[in-house]
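The structure appears below as structure tokens.
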Amino acid sequence: MGNEALLIPQMCGPILLFDGYCPFCNFVVRMIYRLDRSGTILFAPIESERGRAVIERHPEVKALDSAFLLEHDEYGTERISAKSDMLARLADYIAWPGKLLLLPFKIIPCRIGDLLYDQVARNRNRLFGRYESCPLPSRGLRDRFISNHK
């Protein structure tokens with residue numbers, strides 16, 4: 001498959017790239033799916049071909065233990081958000097009252113939000129375990145995976 005097939009279409013909405021082997025990350029994806037009533041946010045495991053292609057284009061995120069939000073501006077330029085910045089950006093896409101869960105990350109300083117995020121990220125595998133393979137999402141959620149949006 002050529003690299004052009006792995007590019008994310010600019011016309012699609014924001015894409016949350018997450019650790020597909022992490023039960024906590026999968027829980028968060030299911031929660032965001034339910035809170036994003038407009039169906040704007042798409043999803044992709046970091047381990048997928050498209051996820052790896054994004055990391056290849058943005059090597060600065062490779063060393064971070066974080067999910068990422070990929071957005072395009074009106075000129076098609078990609079923007080990657082991670083940690084507390086990602087959570088604050090996600091708040092723009094989800095409906096009330098679920099938005100209340102993420103609004104603190106729009107208010108508190110990034111350094112503090114990132115420290116909180118890092119604590120969860122550092123302990124998530126110990127607390128929630130790890131899947132041996134990425135679980136198959138439910139039918140509705142599966143429709144929002146980027147692999148289904150070419």
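In this text, all values refer to a predicted model and were calculated from it rather than measured experimentally.
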Worksheet item: Between Tyr131 and Cys22, is any pair of side-chain heavy atoms under 4.5 Å apart?
Response: no
Fill in: Reported CG-to-CZ distance for the pair Asp114 and Phe105, which is rounded to 0.5 angstrom
9.0 Å
Discussion item. So which atom in Arg126 and which in Asn123 form the shortest heavy-atom distance, rounded to 0.1 Å?
Written reply: NH2-OD1, 2.9 Å
Item to complete: Drop me the distance from Leu70's CG to Ile55's CD1, to the nearest 0.5 angstrom.
Response: 11.0 Å
Worksheet item: Considering all heavy atoms of both residues, which atom of Asp19 and which atom of Arg124 are nearest to each other, and what is their separation?
Response: OD2-NH1, 2.9 Å
Discussion item. If I take atom CE from residue Met31 and atom CG from residue Asn26, how far apart are they, to the nearest 0.5 angstrom?
Written reply: 12.5 Å
Worksheet, complete the sentence: Heavy-atom closest pair (Leu17 atom, Gly51 atom, distance to 0.1 Å) is CD2-CA, 3.4 Å
Item to complete: Please check if the side chain of Arg144 supplies one atom and the backbone of Leu141 the other of a donor-acceptor pair under 3.5 Å.
Response: no
Worksheet entry | Heavy-atom neighbours of Glu132 CD exceed 12 at 6.0 Å | no
Worksheet item: Can Leu87 be reached from Leu115 by stepping across I, L, V, M, F, W or Y side chains whose heavy atoms are under 4.5 Å apart?
Response: no
Item to complete: Nearest 0.5 Å please: distance from the NZ atom of Lys106 over to the CG atom of Leu90.
Response: 10.0 Å
Practice prompt. Would you name the heavy atoms of Ile41 and Tyr93 that are closest together and state the gap between them?
Written response: CD1-CB, 3.6 Å
Worksheet item: Does any non-hydrogen side-chain atom of Ile80 lie less than 4.5 Å from one of Val54?
Response: yes
Worksheet item: How long is the gap from CZ on Phe68 to CD1 on Ile15, to the nearest 0.5 Å?
Response: 13.5 Å
Worksheet item: Any side-chain heavy-atom pair from Asp73 and Arg79 closer than 4.5 angstrom?
Response: no
Discussion item. Would you say that Ile108 contacts Leu116 through its side chain, given a criterion of any heavy-atom pair below 4.5 Å between the two side chains?
Written reply: yes
Worksheet item: Is Arg37 reaching over with its side chain to a backbone N or O of Trp96, donor-acceptor style, under 3.5 angstrom?
Response: yes
Item to complete: Give me the ring orientation class for Phe43 and Phe18: parallel if the planes are under 30° apart, tilted from 30 to 60°, perpendicular past 60°.
Response: perpendicular
Worksheet item: Would a 4.5 Å heavy-atom cut-off, applied to side chains only, mark Leu69 and Glu71 as touching?
Response: yes
Fill in: Joint cluster assignment, Leu35 & Phe27, ILVMFWY side-chain distance < 4.5 Å
yes
Worksheet item: Which atoms form the tightest heavy-atom contact between Cys110 and Ser84, and what is the distance?
Response: O-OG, 3.5 Å
Item to complete: Using a 4.5 Å cut-off on heavy atoms from C-beta on, say whether the side chain of Tyr117 contacts that of Met86.
Response: yes
Worksheet item: Going from CG on Leu16 to OG on Ser81, what distance comes out if it is rounded to the nearest 0.5 angstrom?
Response: 10.5 Å
Practice prompt. Check the pair Ile94 / Leu101 against side chain to side chain contact (heavy atoms under 4.5 Å, CB included), numbers first and verdict last.
Written response: CA-CA 10 Å; Ile94 62 174; Leu101 295 169; 5.8 Å; no
Worksheet item: Hey, are the side chains of Tyr21 and Pro45 touching, using non-hydrogen atoms and a 4.5 Å cut-off?
Response: no
